[in-house]
Chemist: 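Handing you this structure, nothing more for now.
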Amino acid sequence: MLILSRKVDEKIKIGNDITLTIIEVRGDMVKIGVEAPKNVKVFRQEVFEAIQAENKAATSVSEEALKNLFS
């Protein structure tokens with residue numbers, strides 16, 4: 001893991017197309033702006049994990065339904 005220190009209005013570049021900007025630091029909260037191409041999906045970690053769990057649940061239900069069809 002790369003750890004960087006940044007101040008408000010400073011940026012971090014990821015590749016050629018993604019820029020992270022530190023918008024605000026207040027106490028233990030940091031606001032970060034993300035500029036990325038529309039085809040790059042950007043999620044908070046907890047939202048990403050919820051999406052993954054929903055996808056897994058939907059897949060397991062579908063597999064169970066298929067098993068029941070052929071039983």
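Every heavy atom of this structure was used, including side-chain atoms; hydrogens, water molecules and symmetry mates were not. Remember, it's a predicted structure, so these values are computed and weren't measured experimentally.
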Chemist: Does atom CG (N16) have a neighbourhood of more than 12 heavy atoms from anything else shown, all under 6.0 Å?
Modeler: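 Open.
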Chemist: Under the side chain to side chain contact (heavy atoms under 4.5 Å, CB included) test against I12, which residue among T19, I18, L2, L20 passes?
Modeler: L20
Chemist: To the nearest 0.5 Å, what is the distance between CD on E24 and CD1 on I32?
Modeler: 12.0 Å
Chemist: Name every donor-acceptor pair, under 3.5 Å, that has one atom in a side chain of residues 33-49 and the other anywhere in the protein, sequence neighbours excluded.
Modeler:
from : atom 1 : to  : atom 2 : distance (Å)
R44  : NE     : E46 : OE2    : 3.1
Q45  : NE2    : E49 : OE2    : 2.8

Chemist: Running the 4.5 Å side-chain criterion over Ile, Leu, Val, Met, Phe, Trp and Tyr, what cluster does M1 land in, apart from itself?
Modeler: I3
Chemist: I want to check something: taking the side chain as every heavy atom from C-beta on, are E54 and I51 in contact at a cut-off of under 4.5 Å?
Modeler: no
Chemist: How long is the gap from CD1 on I23 to CG on D9, to the nearest 0.5 Å?
Modeler: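 If I round to the nearest 0.5 Å, the distance is 7.0 Å.
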Chemist: Taking NZ in K7 as the centre, count heavy atoms belonging to other residues, nucleotides or ligands within less than 6.0 Å. Is the count above 12?
Modeler: no
Chemist: Find out if a path of hydrophobic residues (ILVMFWY) with successive side-chain heavy-atom gaps under 4.5 Å connects L4 to I14.
Modeler: yes
